[in-house]
Amino acid sequence: MAEQPVILLPLDNRPCNLRFPVQLGRIAGVEVTVPPKELLGSLQEAGQSDALLDWLDGESRSGTDAAVLSIDMLCYGGLVASRKPYTPLDLATERLRKVARWAEAGANMPVHAFNIITRLSITVDCDAAARDYDLINRYAQTQDRGETTGNAQDLREAETLKQQIGEGVLESYLQARRRNHHINRQVIDCVRDGVFDDLVLCQEDAAEFGFHRQEQSYLREHVNQLNLEDRVFLYPGADEAACTLLARHVLSAEGASPRIRVVYSHEEGRQGIPPFEDRPLHESVSLHLRSVGAMETCDADGSDLILFVNACAPMNREQASQRSAREKRLDLLAPFAESVRTALEEGRLVAVADVAFPNGGDTQFVELLLSETPIARLASYGGWNTAGNTLGTVLAHGVLRWLSLQARPVDSLSERAHFQFLFERFIDDWAYQAIVRREMEDHWAKPRGVSIFDLGESAGSAEQFVCERLATYVERVYQQHFRCVVGDHGCQWSAVLPWRRGFEIDFRVEFPSGMEKVGETS
């Protein structure tokens, strides 16, 4: 493993972007160095791009194995800031040039970059913005569909929607979108010029139609013309990209390329387009596999890792909770969960990507896993936000777990980091996102008239509600599945709302020393 640290400049300071890569680095035995949190901004405040450039320069002078860089943070101050036009194109371009000069000065250090293709709509940071979010979302899809198909009705509907959007909101959105596209083209040129070793272009929240389609078409053509198909990757995602590139770097440094077999819960879901994405699920899976540095294989016996994908459900979460739907889904999910258990009993290394629904794991599926499957034996699990977010996180965790198990004896610090991250994914991705978050909205926020987009001074009270609800799930998962792995010393945990809204939590667990049974699951 790397003797010197990997520098990470994250997309923002949310746990998925700042803490996840650090945790995954520990699993791989790699130190990941991150900037001071105060430089990274917040929901309402852009990160300090120029100060971060100085930080990068200082860190690289002290010895670094590689760098993973968010271009959005460097150019605009983060993901949310990238959706706003406040940073002019010439300033963003100058910052990119400074990054290029910095990267060229450290020619012996691999530099991995990632950037976002703007999503369909704006940021929802208050109740008022929710209306414009929906209008722009519908406008972008309808306008592009009308232009693509020549459907006059779509074009008329798009014009009507356009007139309903708040004054100045649409132009700000389009202005930011144009600027970001220019920067994406320049970043591809940086790969051509050897400034960056590779590049991930993540398509944030999208759909089958929208303004992103034309942008993607141009970017792909540019990549193909430069013969950069093996170094520039474009797929649905965003917040998982740093994890993907960290794992890619570690695998490359070790000369490793794990063979991964993919098993889907059902063919309809494999072919389906997940919510917030623009292509069939199986295409995204293949792209994520390539990006992380793995090889897809159909050979069950020749695989290093089996990726089980609980594929897109042909209904939303509320419809799936109906009794008739639950009975029908049980016929599909029960044998799929059984196949996960069987693979584990056969001694296979198993990862589970739970992408049936966006914004949280599939409760019916997870309940089957909890009742029938030794989940602490999994290499990884994920079920948060979009399918792309889940796939990238699950694969990064899974391949780094595979790599760590090649060492004998297995490092105890790597083991503890793995089990903590796995435990956190079940509590965060399933218990919070799929259950407690919705309880908080319905039974705490609405009765108090508090916006889940901005909890304000009520954030502390909301956190207390969340922790009270999570406690039962934490105890259940620990007692039933992790106690036998990490020992009888219990677990210490906390949960906070880092951006003072309901969309994400920072859930952390610590397993005290004395993990004498660690390693028996491998």
Side-chain angles (χ1 to χ4, degrees), residues 114-120 141 144-145 148 184 188 198-224 228-241 243-245 247-248 257-299 303 305-314 336 351-358 362 382-396 398-399:
F114 65 100
N115 211 27
I116 308 302
I117 301 174
T118 308
R119 69 179 189 170
L120 270 174
Q141 293 185 65
D144 180 58
R145 185 171 59 242
T148 302
N184 278 330
I188 292 173
D198 41 39
L199 168 68
V200 167
L201 291 172
C202 291
Q203 176 57 67
E204 201 191 1
D205 297 358
E208 186 176 3
F209 291 97
F211 299 139
H212 58 279
R213 290 198 319 123
Q214 186 175 359
E215 295 168 0
Q216 284 187 23
S217 178
Y218 179 91
L219 295 172
R220 285 197 194 92
E221 182 180 356
H222 194 44
V223 169
N224 293 339
L228 294 175
E229 295 91 340
D230 293 332
R231 297 171 60 196
V232 178
F233 308 96
L234 194 162
Y235 57 73
D239 293 318
E240 79 298 326
C243 297
T244 297
L245 285 173
R248 179 181 178 85
S257 184
R259 296 158 297 177
I260 299 180
R261 180 190 176 208
V262 184
V263 178
Y264 295 89
S265 56
H266 58 293
E267 181 63 22
E268 182 182 4
R270 174 184 176 275
Q271 297 285 352
I273 299 176
F276 305 108
E277 297 193 356
D278 60 1
R279 68 201 70 196
L281 176 62
H282 70 91
E283 291 185 13
S284 292
V285 170
S286 294
L287 288 165
H288 277 274
L289 284 166
R290 286 186 59 225
S291 301
V292 82
M295 296 186 296
E296 189 169 0
T297 179
C298 296
D299 182 3
S303 63
L305 176 71
I306 303 176
L307 174 65
F308 286 90
V309 181
N310 182 27
C312 319
F336 184 63
V352 175
D354 188 0
V355 300
F357 306 105
D362 179 352
W384 67 287
N385 212 7
T386 67
N389 295 151
T390 286
L391 287 168
T393 308
V394 166
L395 282 171
V399 299

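These numbers come from a predicted model, not from an experiment. Residue indices begin at 1 and follow the sequence shown.
Closest approach of Gln203 to Thr118, counting heavy atoms only: NE2-O, 3.3 Å. Between Ala311 and Leu281 the shortest heavy-atom distance is CB-CD2, 3.7 Å. Between Ala387 and Val355, the shortest heavy-atom distance links the atoms CA-CG1, 3.8 Å. Of all heavy-atom pairs between Cys202 and Gly237, the closest is CB-O, 3.3 Å. Pairing each heavy atom of Gly388 with each of His288, the nearest pair is O-CE1, 3.4 Å. Summarising the geometry of Met295 relative to Ser257, their closest heavy-atom pair is CG-OG, 3.4 Å, with the distance given to 0.1 Å.
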side-chain contact (heavy atoms from CB on, under 4.5 Å) evaluation trace for Leu199 with Ile188 = CA-CA 7 Å; Leu199 168 68; Ile188 292 173; 3.9 Å; yes
From CA spacing to verdict: side-chain contact (heavy atoms from CB on, under 4.5 Å), Tyr264, Val285 | CA-CA 11 Å; Tyr264 295 89; Val285 170; 3.4 Å; yes
Taking it one step at a time, do Leu307 and Val263 satisfy side-chain contact (heavy atoms from CB on, under 4.5 Å)?
-> CA-CA 6 Å; Leu307 174 65; Val263 178; over 6 Å; no
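A 4.5 Å side-chain heavy-atom check between Asp205 and Thr386 finds at least one atom pair inside the cut-off. Within the 4.5 Å cutoff, the side chain of Arg261 has no heavy atoms near those of the Cys298 side chain. Two residues are said to be in side-chain contact when any heavy atoms from C-beta on lie closer than 4.5 Å; Val399 and Pro258 meet this criterion. Between Asp354 and Val309 there is no side-chain heavy-atom pair separated by less than 4.5 Å. Side-chain contact between Leu120 and Phe211: absent, with no pair of heavy atoms (C-beta onward) separated by less than 4.5 Å. Side-chain contact check for Pro358 versus Phe276: some heavy-atom pair is nearer than 4.5 Å. No side-chain heavy atom of Leu234 sits less than 4.5 Å from a side-chain heavy atom of Val223. A heavy-atom distance below 4.5 Å is not found between the side chains of Phe308 and Val262.
With respect to Leu219, the side chain to side chain contact (heavy atoms under 4.5 Å, CB included) criterion is satisfied by exactly one of Val232, Ile117, Asn224: Ile117. Exactly one residue among Thr393, Asn389, Thr390, Asp239 makes a side-chain hydrogen bond (donor to acceptor under 3.5 Å, both in side chains) with Trp384. That residue is Thr393.
A salt bridge does not link Arg259 with Asp299: none of the charged nitrogens is closer than 4.0 Å to a carboxylate oxygen.
Without hydrogens or angle criteria, Asn115 side chain to Leu201 main chain gives no donor-acceptor distance under 3.5 Å. Side chain of Arg270 to backbone of His282: no donor-acceptor contact under 3.5 angstrom is found. With Arg248 contributing its side chain and Arg290 its backbone, the two residues share a donor-acceptor pair below 3.5 Å.
The closest side-chain donor-acceptor pair between Thr148 and Arg213 falls under 3.5 angstrom. Inspection of the Gln141 and Arg145 side chains reveals no N or O donor paired with an N or O acceptor under 3.5 Å. Using modelled atom types and a 3.5 Å distance limit, the side chains of Ser286 and Glu296 yield a donor-acceptor pair. Gln216 and Asp278 share a donor-acceptor pair across their side chains, judged by distance under 3.5 Å alone.
Remark: Gln271 CD is packed, more than 12 non-hydrogen atoms of other residues, nucleotides or ligands lying under 6.0 Å away.
With rounding to the nearest 0.5 Å, the separation of CG in Leu228 from CG in Asp198 is 11.0 Å. Note that OG of Ser291 is 8.0 Å distant from CG of Leu245, once rounded to the nearest 0.5 Å.
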